[in-house]
Amino acid sequence: MGSQYLGIEARPLDAVMPALAQDIVTGVTATLVALLYLYAFWQAFSARRNDRWLIMLVAASLTILMEPFACFMVKAHHPAVGAYVLLTGLDVTVPWQLLFFYILYFAPTAAFLIWRASNGVSATRYWLDFAGIFLLLWGAEALAIHFGVWFFFDYNPFEVAGLPLWVALTNISAVYAWAVAASYCLDHLKGAARWFTALAAPFAAIAAYGPVSLPAAVVLYRDGAGYDQTQPAAAISVLVGLGFVFAARHLLLLSAGRIRPGAVA
């Protein structure tokens, strides 16, 4: 299991991608993504002429380009030996199943958040939704870590079932920023300009991921840093991430026209 590498400082480059787990995870996630794309094409080219889902799926697909940076910041590793490699960067190997995970995570979650905002989501409901999204992400990643498809190494703090919880919050801050950018592009741009979402949303995700992960990353890359140092730094990342999530509600409601500029949500 991936959790065996927690507290091991050096990146375990000899780790092997488990073949059966990789086939199952890749097959299941690819099938779900294919179904989403079929639905999106039907929406876009049927009488409905609604390209919203197709734009969001393409944007989510391009967001995979941030994965090498994300892995570098949080010290995550995907075994390269025996992997179905999609791309590499910053000494990070990104397998194909990560592309499907990104699509399944970013597009449906953002669509849900935008829909909630369009109905004027209350603060209580917003934070309940946040808790549900957090648990869903933690469960999906913990399962992948259990199978050894990816894992975290070094003195990564607040680990539960192999997943450092500060990393889960960092991932969530990225999808909330992604949702805000997608909402503004899809709701306020017209015609072909709406496809700007495919660039704006991934950029927003990485723009959030950097500041949230930075406090913990600085200490994780410090020589000789143990849990006594990484835990306070990760706590700062958690606070920054919660700040992003808090601000996202106001921005989503503003984009949906549920509040006026300058109003307090």
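Small disclaimer: the values here were computed from a predicted structure and weren't measured.
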Atom pairs and distances, donor-acceptor, side-chain atoms in residues 104-115, under 3.5 Å, two or more places apart:
unit_1 : atom_1 : unit_2 : atom_2 : d
Thr109 : OG1    : Tyr105 : O      : 2.5

| How would you list, by chain and number, every residue that makes a side-chain hydrogen bond (donor to acceptor under 3.5 Å, both in side chains) with Tyr176, sequence neighbours excluded? | none
| said: So for atom OH, which belongs to Tyr37, do other residues, nucleotides or ligands contribute more than 12 heavy atoms lying within a distance under 6.0 Å? | reply: yes
| message | Is it the case that the side chain of His188 and the backbone of Ser255 share a donor-acceptor pair, with hydrogens and angles ignored and the cut-off at 3.5 Å? | response | yes
| message | Please find the pair of heavy atoms, one from Ala234 and one from Pro157, that lie closest to each other, and give the distance. | response | CB-CG, 3.5 Å
| message | Applying a strict under-4.5 Å side-chain criterion to I, L, V, M, F, W and Y, I'd like to know whether Leu32 and Trp53 cluster together. | response | yes
| note | Those residues at least two apart in sequence (or on a different chain) that pass side-chain hydrogen bond (donor to acceptor under 3.5 Å, both in side chains) with Gln231 are none
| request: Could you work out the complete set of other residues in the hydrophobic cluster of Val219, with links drawn between I, L, V, M, F, W and Y side chains under 4.5 Å apart? | output: none
| remark: Between Ala233 and Pro215, the two heavy atoms sitting closest are CB-O, 3.4 Å
| note | Tightest non-hydrogen contact, residues Arg194 and Cys185, listed as CG-O, 4.0 Å
| task | State, to 0.1 Å, how close Trp178 and Ala205 come at their nearest heavy-atom pair, and which atoms those are. | result | CD1-CB, 3.9 Å
| message | I'd like to check the salt bridge (Lys or Arg N to Asp or Glu O under 4.0 Å) partners of Asp23; sequence neighbours left out, ordered by chain and number. | response | none
| request: Would you give the length of the straight line joining atom CG of Asp129 to atom CZ of Phe134, rounded to the nearest 0.5 angstrom? | output: 15.0 Å
| field | Approximate separation, where rounding is to 0.5 Å, of Trp138 CH2 and Leu143 CG | value | 10.0 Å
| Which atom of Ala193 lies closest to which atom of Leu189, heavy atoms considered | O-CD1, 3.3 Å
| query | Can any side-chain N or O of Ser213 pair as donor or acceptor with the backbone N or O of Met73 at less than 3.5 Å? | reply | no
| query | Checking side-chain contact (heavy atoms from CB on, under 4.5 Å) against Arg249, which of Leu253, Leu251, Leu252 comes through? | reply | Leu253
| query | Is Phe100 reachable from Val94 through a run of hydrophobic residues whose side-chain heavy atoms are each under 4.5 Å from the next? | reply | yes
| query | Is there a donor in the side chain of Gln97 and an acceptor in the side chain of Trp150, or the other way round, less than 3.5 Å apart? | reply | no
| field | Backbone of Gly82 reached by a side-chain donor or acceptor of Gln22 within 3.5 Å | value | yes
| Looking only at atom types and distance, does a side-chain atom of Tyr227 sit under 3.5 Å from a main-chain N or O of Tyr155, one as donor and one as acceptor? | no
| message | Let's go through Cys71 and Phe152 carefully: what are the C-alpha distance in whole Å and the side-chain angles of both, what is the deciding distance for side chain to side chain contact (heavy atoms under 4.5 Å, CB included) to 0.1 Å, and is it a yes or a no? | response | CA-CA 9 Å; Cys71 286; Phe152 299 83; over 6 Å; no
| From Leu165 CG over to Leu137 CG, what is the distance, rounded to the nearest 0.5 angstrom? | 10.0 Å
| request: Report the distance from atom CG of Leu186 to atom CH2 of Trp195, rounding to the nearest 0.5 Å. | output: 10.0 Å
| query | Partners of Ser173 by side-chain hydrogen bond (donor to acceptor under 3.5 Å, both in side chains), sequence neighbours excluded? | reply | none
| request: Carefully, step by step, assess Asp154 and Tyr221 under the rule side chain to side chain contact (heavy atoms under 4.5 Å, CB included). | output: CA-CA 9 Å; Asp154 208 343; Tyr221 278 94; over 6 Å; no
| task | With side chain to side chain contact (heavy atoms under 4.5 Å, CB included) as the test, would you mind laying out the steps for His77 and Val92 before giving the verdict? | result | CA-CA 7 Å; His77 183 70; Val92 174; over 6 Å; no
| message | Measuring from atom CG of Leu220 to atom CG of Leu214, what distance do you get when rounded to the nearest 0.5 angstrom? | response | 11.0 Å
| task | Specify the closest pair of heavy atoms between Tyr126 and Val245, including all atoms of both residues, with the distance to one decimal. | result | OH-O, 2.5 Å
| request: Kindly work out whether a path of hydrophobic side-chain contacts (I/L/V/M/F/W/Y, heavy atoms less than 4.5 Å apart) joins Leu242 to Ile236. | output: no
| Quick one: do Leu35 and Trp42 end up in the same hydrophobic cluster if we chain Ile, Leu, Val, Met, Phe, Trp and Tyr together by side-chain heavy atoms under 4.5 Å apart? | no
| said: Please verify the inter-ring angle class for Phe45 with Phe41; under 30° counts as parallel, over 60° as perpendicular, anything in between as tilted. | reply: parallel
| message | Same cluster or not: Trp166 versus Val218, using hydrophobic residues (I, L, V, M, F, W, Y) connected whenever any side-chain heavy atoms lie under 4.5 Å apart? | response | yes
| query | So which of Thr93, Leu98, Ile64 actually passes side-chain contact (heavy atoms from CB on, under 4.5 Å) with Leu86? | reply | Ile64
| query | If you draw the axis of the six-membered ring of Phe151, does the NZ or CZ of Lys75 fall within 45° of it and under 6.0 Å from the ring centre? | reply | no
| Spacing of CG belonging to Leu163 relative to CG belonging to Asn171, to within rounding of 0.5 Å | 7.5 Å
| Thr31 side chain to Gly27 backbone, donor-acceptor under 3.5 Å | yes
| task | Please determine, by modelled atom types, if Tyr102 and Thr29 share a side-chain donor-acceptor pair under 3.5 angstrom. | result | no
| said: Salt bridge or not between Asp187 and Arg52? Use side-chain N to carboxylate O under 4.0 Å. | reply: yes
| query | Given Tyr184 and Thr197, is the side chain to side chain contact (heavy atoms under 4.5 Å, CB included) satisfied, shown in steps? | reply | CA-CA 9 Å; Tyr184 273 86; Thr197 307; over 6 Å; no
